[in-house]
Amino acid sequence: MNLFRLFGDMSHLASILILVHKIQTTRSCRGISFKTQALYVTVFVSRYLDLFYDWVSLYNFFMKVFFISSSCYILYLMKMKFRPTNDPSIDTFRIEYLLGPCAILALIFHYKFTVTEVLWSFSIFLESVAILPQLFMLQRTGEAETITTHYLAALGAYRAFYIPNWIYRYWTEDIVDPIAVTSGIVQTALYLDFFYVYFTKVLQGQKFELPA
Amino acid sequence: EGNPVKHDEL
């Protein structure tokens with residue numbers, strides 16, 4: 001563990017807490033893409049199967065359990081508790097265009113041809129693009145509640161923090177994980193447009209609005 | 001059966 005990864009994980013944790021807080025306090029999941037949230041459940045479940053056979057640390061164990069359970073809880077909030085506030089008609093990104101290519105990529109690029117390793121690769125690839133339905137929705141509506149933008153900023157920062165972590169691990173442990181690194185760079189790059197508006201508008205106290 | 005790469009990150 002190093003500070004970069006710790007900051008990344010804390011940022012990831014914060015993003016989920018911000019999202020749950022937003023849904024609970026506004027009693028609404030308006031502006032949140034159900035498809036993106038469902039993709040995150042897929043990501044966590046397919047990646048953390050090693051919970052059942054591989055022990056890393058107590059920290060690692062609890063974080064994995066937290067990510068799986070909190071992402072399922074968010075789906076519950078969106079589909080059951082606050083269902084009327086979820087508007088599927090603006091959540092129109094075709095996720096089969098993400099699932100298919102990620103599955104193919106996972107079959108080509110993996111560290112070992114076993115079910116769990118291929119699923120692990122799949123989850124890494126899928127995570128890198130899972131935010132697209134959400135960003136697509138933001139693009140369509142052209143605006144977002146401030147709290148939603150804080151959620152997205154924390155979520156984007158998480159993988160960005162992992163990049164210096166990978167550089168650090170390369171120097172100190174001589175470890176390189178090419179699948180995670182390339183996907184992580186793609187994942188972070190997808191947020192660049194968002195970050196630009198977030199830093200120049202939201203953090204200056206203005207509303208998040210995309211130019212018409 | 002060990003992983004070729006350590007999956008110790010989240």
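So you know, we letter chains A, B, ... as the sequences are listed, proteins then strands, and number each from 1. Source: prediction; values computed, not measured.
Within residues 55-68 of chain A, the residues having any heavy atom closer than 4.5 Å to a heavy atom of chain B are V56(A), Y59(A), N60(A), M63(A), K64(A), F67(A), listed by residue number.
The part of Y162(A) that comes within reach of chain B is its side chain, from C-beta onward, which places non-hydrogen atoms under 4.5 angstrom from that chain.
Residue pairs meeting the salt bridge (Lys or Arg N to Asp or Glu O under 4.0 Å) criterion with at least one member in residues 92-101 of chain A, sequence neighbours excluded, are R94(A)-E96(A). Sorted by first and then second residue, the salt bridge (Lys or Arg N to Asp or Glu O under 4.0 Å) pairs with a member in residues 31-44 of chain A form an empty list; sequence neighbours excluded. Screening residues 178-197 of chain A for side-chain hydrogen bond (donor to acceptor under 3.5 Å, both in side chains) gives E127(A)-Q187(A) as the qualifying pairs, with residues at least two apart or on separate chains.
Between the CD atom of E9(B) and the CG atom of D9(A) there is a distance of 8.5 Å, given to the nearest 0.5 Å. Note that CG of L10(B) and CZ of R5(A) are 7.5 Å apart. Values are rounded to the nearest 0.5 Å. The line from CG of D8(B) to CD1 of I175(A) is 6.5 Å long, rounded to the nearest 0.5 Å.
The environment of F195(A) atom CZ is dense: over 12 non-hydrogen atoms of other residues, nucleotides or ligands sit within 6.0 angstrom.
Between R169(A) and K6(B) there is a side-chain heavy-atom pair separated by less than 4.5 Å.
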